[in-house]
Amino acid sequence: MKVLLISLPTRSPTPQIPNLGIIAIAQTIRNLGHEVSMIDVERYRYSVDEVISEARKTTHDLFGISGIITSYYFFEPLSAALKEAFPDIPSIVGGSITSASELIEKYSKIDFMAKGEGENCITELLNRLSTGNTSNLSDIPCLYVRKGYKFEAPLKEQSYPDLSVIPIPAYDLYDMDYYIEACTRIAEHFLKLYPDVQKRVPHDTRFFPIVLTRGCPYACSFCYRLIKKFRHPSVEYALDYLKMVKKKYGCNGISLLDELTITNRKWFIELCNAIASEIPDLHIFFGA
């Protein structure tokens with residue numbers, strides 16, 4: 001199958017941080033043997049009409065859309081335009097934008113909604129679509145299926161992929177030079193606030209965006225997050241990831257976009273010690 005992924009724009013005046021979730025899904029799709037391409041609306045700030053024009057350049061079997069909640073302003077008209085231009089091609093939305101599930105259900109033209117971590121969901125959905133076995137999709141975890149004006153909720157609970165074996169995201173689908181420069185500007189801005197720390201970081205350090213952990217152990221009622229189970233990969237996996245980034249992209253800095261990296265204190269200390277031992281010249285900036 002051929003899957004076109006669309007990374008939605010935020011309301012930030014300039015693109016700064018790439019959507020790492022969508023390229024994690026992209027690599028999962030590749031590993032299944034399917035073709036995947038992407039339109040990065042966040043980076044290039046296409047209009048809805050321009051996205052449709054880009055989508056017409058090749059054939060597709062599924063549209064995948066992802067973004068955060070502030071992307072909804074673009075998502076709703078895009079979903080309608082896609083359905084009008086490609087009425088026979090199904091579409092699925094994922095990411096934290098699905099916290100607005102009632103709006104998506106009522107006002108969008110989306111066919112599927114993945115509410116939670118998407119690797120296992122997209123794997124099973126593509127297996128069903130590619131074989132034509134779509135009579136009953138309600139047993140796919142995280143997958144909400146449109147039935148008329150309503151979504152049919154999945155019968156199975158969220159499944160959580162093992163973070164020590166999931167593939168490295170498909171960074172090649174992005175203009176990574178742009179995003180590295182953007183993350184570097186953010187890191188440099190905050191480093192200026194701490195001169196003693198700034199002195200220890202070479203001025204030519206480039207910061208590469210990654211996420212290592214997922215989920216949250218808390219249950220705050222006001223929070224938009226959909227993934228409640230906190231997990232982290234093995235220290236070995238994290239080290240291999242960081243070494244790959246350093247070698248492939250020439251970055252001696254990491255912009256770690258996790259929000260709760262230190263939740264497991266023991267793992268975090270082991271990771272820091274391993275980095276200090278095996279990648280001593282790597283500088284890590286926490287935050288975006």
Side-chain angles (χ1 to χ4, degrees), residues 1 3 5 7 17-38 40 62 64-68 92-98 112-128 130 140-143 154 156-174 176 179 208-217 225-249 251 254-264 267-268 270-271 274-275 279 284 288:
M1 295 187 69
V3 181
L5 300 178
S7 181
I17 301 170
N19 178 344
L20 299 183
I22 196 170
I23 57 173
I25 297 300
Q27 191 58 51
T28 296
I29 294 171
R30 281 178 172 173
N31 288 1
L32 293 170
H34 303 291
E35 296 182 32
V36 62
S37 56
M38 188 168 70
D40 185 7
L62 177 69
I65 306 171
S66 176
I68 61 176
I92 182 171
V93 63
S96 62
I97 191 175
T98 58
F112 305 110
M113 179 172 62
K115 203 170 182 181
E117 293 183 62
E119 284 89 349
N120 294 338
C121 176
I122 196 65
T123 296
E124 188 57 37
L125 178 61
L126 287 174
N127 287 341
R128 303 286 185 89
S130 62
I140 300 178
C142 299
L143 186 68
K156 293 184 178 180
E157 296 182 358
Q158 161 81 72
S159 58
Y160 298 97
D162 185 345
L163 299 188
S164 295
V165 299
I166 61 171
I168 300 297
Y171 286 104
D172 61 284
L173 292 176
Y174 278 136
M176 283 312 302
Y179 284 118
F208 190 95
I210 73 169
V211 169
L212 289 177
T213 63
R214 293 186 188 180
C216 177
R225 290 169 183 79
L226 304 170
I227 304 169
K228 298 301 182 183
K229 183 178 180 180
F230 176 80
R231 285 155 301 128
H232 56 73
S234 66
V235 170
E236 293 74 20
Y237 177 96
L239 278 178
D240 288 342
Y241 194 160
L242 297 174
K243 289 176 181 177
M244 181 280 295
V245 165
K246 185 173 182 293
K247 179 179 180 181
K248 184 173 181 178
Y249 293 94
C251 291
I254 295 296
S255 181
L256 195 61
L257 304 181
D258 304 48
E259 295 181 320
L260 295 167
T261 317
I262 61 175
T263 297
N264 185 324
W267 172 82
F268 179 69
E270 289 178 358
L271 176 62
I275 292 171
I279 327 174
I284 298 181

4.5 Å side-chain heavy-atom contact, [X] and [Y]:
X	Y	result
Val245	Ile210	yes
Leu239	Ile275	yes
Leu212	His232	no
Met1	Leu126	yes
Leu173	Arg30	yes
Asp162	Arg231	no
Ser66	Val93	no
Val3	Ile29	yes

So, does [X] use its side chain to make a donor-acceptor pair with the main chain of [Y] at under 3.5 Å?
X	Y	result
Arg214	Asp258	no
Tyr237	Ile166	yes
Thr123	Glu119	yes
Trp267	Pro233	yes

Please report the interatomic distance [atom1]([X]) to [atom2]([Y]), rounded to the nearest 0.5 Å.
X	Y	atom1	atom2	result
Lys156	Cys142	NZ	SG	12.0 Å
Leu143	Phe112	CG	CZ	6.0 Å
Ile68	Ile97	CD1	CD1	9.0 Å
Leu256	Ile284	CG	CD1	6.5 Å
Tyr241	Ser234	OH	OG	13.5 Å
Cys251	Lys246	SG	NZ	10.5 Å

Which residues pass the ring-ring contact (aromatic ring centres under 6.0 Å, His included) test with [X], not counting sequence neighbours?
X	value
Tyr249	Phe208
His34	none
Phe268	Phe286

Return the minimal non-hydrogen interatomic distance between [X] and [Y], and the atom names on each side.
X	Y	value
Pro141	Cys121	O-CB, 3.5 Å
Asn19	Gly67	ND2-N, 3.9 Å
Phe230	Leu260	CE1-O, 3.2 Å
Asn31	Pro167	ND2-CB, 3.5 Å
Gly64	Ile22	O-CD1, 4.5 Å

Answer with yes or no whether the side chains of Asn120 and Glu124 bring together a donor and an acceptor at under 3.5 Å.
no
Test item: side-chain donor near acceptor, Tyr179 and Asp40, under 3.5 Å
yes
Mind running side-chain contact (heavy atoms from CB on, under 4.5 Å) on Lys243 and Ile279 for me, showing each step along the way?
CA-CA 8 Å; Lys243 289 176 181 177; Ile279 327 174; 3.7 Å; yes
